[in-house]
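Computed from a predicted model, the values in this text were never measured in an experiment.
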Amino acid sequence: MPRVPAPVEAGDGAMYVPLLTHDEQVDVLERLDFVLRNISELRKEVEELRSSLQHLAAEIIAEVRSHLEETQKVTRRRRFPFPRERSDSTGSSSIYFTASSGTANTDDGESEGGYTTANAESDYDRESERESEEGEDEVSCETVRTARRDSLDLVNEDEAPLILDSSLEEGLGQLLQQADRLHNGDEQEKREGFQLLLNNKLAYADQKDFIWRLARAHSDMCEITEDADEKRSYASDGKEEIEIALQKWDQSAECHQWYAILCGQLSEHESIQKRIQTGYVFKEHIDKAIELKPEDPQSYYLLGRWCYQVSHLGWLEKKTASALFEAPPTATVQDALQNFLRVEELSPGFSKAGRVYIAKCYRDLGNNSAAVLWMNLASELPANTKEDAESERELEEMRSVWEE
């Protein structure tokens, strides 16, 4: 059992014996290493199980797609039992647009989604009822196959990305604008944004700006849900989405940024060893995001937060990092402060949490007057995010401590 510290000399200069001897400390580290190895083996078994489930899911998805194509055929036959008149409609501009909802274009024989139809003229004016039905079946099947060939489950890595025509590109632009608006809203709007992107995944899964926003939506859902298992699931799914995107677009600052964020969110539910490993990955991708987009305040904020957390690692985390890695992660409060000040330089008032971090950095560095100044500046900003709300509580605690 650990010994309780006891004075070995009387008087003001009393000294204390350590809680653990050197041999006992070594024994504790060996036991910790044994636990970490067992956790690593368990994770391997879980990954094997996940791989098996993914194969099963792929088979189910293939069957569902086959059923959808057959259903699409039947729907077209029932919807157009007789030759149709030519329409001058330019089609729906809804941001919920999917490939199968486009209407015909009268000028070039293409549907609104950009898919070429066979016998565009005779389908509407001159062909018999049977020919019209056959033409619609042909369009329907081709539309479904084309829209879904860029699905994440079906894409061939050697194929070139699908190029959008003008109508689909316009629909994508509207979709992304609404996704951004919902992302900046309250929790209910974030949920709506997540569902909106899921509904359009098949149509735009091969578009970079769509995919990183889908990953961002997973991150939003991870933040707002309270259940630990759901948090882990959203973070894991979002990380998988953005990993695939990084294979195609490794020069995208947003892809690197959201990959780092989702890795960090996922590590919150993992072991100390995994969290430390994730710290290296997080730093690597945030550095890459800053290299690709050096004027983005969000990346400097994330890097500042990482530096602050590393500078305050506890004894156990430091010992574990030293035992597992030749070069443990290092950062100082001064490093964190420089990054947070860079955020304010690029975007004054970027976030309430950022200003609270600046106040905490100055407090830790012993500059109380600067800390008070930034506490007051932080109080001027609204709490727009969950992290802002948490920083508001920290701000109140800091005030109460200083008032005492």
Side-chain angles (χ1 to χ4, degrees), residues 39-40 42-58 61 151-153 155 157 179 183 190-191 193-198 200-202 204-290 292-293 296 298-299 301-303 305-306 309 329 385-387:
I39 291 174
S40 179
L42 179 60
R43 285 187 57 77
K44 290 179 181 178
E45 294 177 2
V46 171
E47 290 298 329
E48 292 175 358
L49 177 59
R50 177 181 292 178
S51 178
S52 299
L53 292 175
Q54 287 175 341
H55 288 309
L56 178 60
I61 289 171
S151 163
L152 294 180
D153 297 316
V155 126
E157 294 181 356
H183 165 70
K190 291 181 189 294
R191 291 188 176 93
F194 175 70
Q195 192 59 51
L196 168 67
L197 293 171
L198 281 185
N200 287 273
K201 180 179 175 181
L202 286 178
Y204 298 114
D206 204 40
Q207 301 301 314
K208 176 190 66 177
D209 291 335
F210 176 88
I211 288 297
W212 71 254
R213 283 176 171 83
L214 178 59
R216 182 183 67 181
H218 278 89
S219 176
D220 288 342
M221 294 300 294
C222 178
E223 284 292 325
I224 64 180
T225 189
E226 298 296 334
D227 183 79
D229 290 337
E230 289 184 6
K231 282 180 174 290
R232 182 187 178 91
S233 177
Y234 282 124
S236 178
D237 292 346
K239 180 172 174 283
E240 290 178 5
E241 296 279 6
I242 205 69
E243 275 179 338
I244 296 174
L246 277 173
Q247 294 175 7
K248 300 178 181 179
W249 306 294
D250 64 345
Q251 296 301 304
S252 167
E254 291 82 6
C255 288
H256 284 283
Q257 185 183 97
W258 286 102
Y259 181 77
I261 292 172
L262 285 158
C263 284
Q265 289 177 318
L266 187 58
S267 72
E268 294 175 3
H269 308 278
E270 295 176 319
S271 65
I272 294 176
Q273 178 186 10
K274 188 62 177 178
R275 288 202 300 271
I276 294 173
Q277 290 175 335
T278 300
Y280 288 93
V281 176
F282 183 96
K283 176 70 160 51
E284 174 188 352
H285 285 275
I286 289 300
D287 285 344
K288 185 65 176 178
I290 291 176
L292 294 169
K293 197 173 182 180
D296 184 0
Q298 174 76 1
S299 294
Y301 171 77
L302 294 169
L303 182 57
R305 196 174 64 178
W306 181 88
Q309 291 172 349
T385 66
K386 189 174 182 180
E387 188 174 22

Close side-chain approach of [X] and [Y], heavy atoms under 4.5 Å:
X: Glu387; Y: Arg305; answer: yes
X: Lys190; Y: His183; answer: yes
X: Tyr259; Y: Val281; answer: yes
X: Thr278; Y: Leu266; answer: no
X: Lys283; Y: Leu303; answer: yes

Can you tell me if [X] uses its side chain to pair, donor with acceptor, with the backbone of [Y] under 3.5 Å?
X: Trp258; Y: Arg213; result: no
X: Lys386; Y: Glu223; result: yes
X: Arg275; Y: Glu268; result: no
X: Ser267; Y: Gly264; result: yes
X: Ser233; Y: Asp229; result: no

Closest approach of [X] and [Y], non-hydrogen atoms and distance?
X: Ala179; Y: Arg216; result: O-NH2, 3.7 Å
X: Trp249; Y: Asp206; result: CZ2-O, 3.5 Å
X: Cys222; Y: Lys231; result: O-NZ, 2.8 Å
X: Gly279; Y: Trp306; result: O-NE1, 3.3 Å
X: Leu292; Y: Asp250; result: CD1-O, 4.1 Å
X: Leu246; Y: Cys255; result: CD2-CB, 3.6 Å

Have a look at Ser299 and tell me which of His256, His285, Gln257 forms a side-chain hydrogen bond (donor to acceptor under 3.5 Å, both in side chains) with it. Gln257

Could you check Glu270 against Arg232 for side-chain contact (heavy atoms from CB on, under 4.5 Å), going step by step and ending with a plain yes or no? CA-CA 9 Å; Glu270 295 176 319; Arg232 182 187 178 91; 3.7 Å; yes

Return the [atom1] to [atom2] distance between [X] and [Y], rounded to the nearest 0.5 Å.
X: Leu196; Y: Leu214; atom1: CG; atom2: CG; result: 10.5 Å
X: Ile224; Y: Thr385; atom1: CD1; atom2: OG1; result: 12.5 Å
X: Gln265; Y: Met221; atom1: CD; atom2: CE; result: 12.0 Å
X: Ile211; Y: Ser252; atom1: CD1; atom2: OG; result: 11.5 Å

Could you walk me through whether Ile261 and Gln298 satisfy the side-chain contact (heavy atoms from CB on, under 4.5 Å) test, starting with their C-alpha distance in whole Å, then the side-chain angles of each, then the deciding distance to 0.1 Å, before giving a yes or no? CA-CA 11 Å; Ile261 292 172; Gln298 174 76 1; 4.2 Å; yes

Salt bridge flag under 4.0 Å for residues Glu284 and Lys288: no

Does a salt bridge link Glu254 with Lys293, judged by any charged N lying under 4.0 Å from a carboxylate O? yes

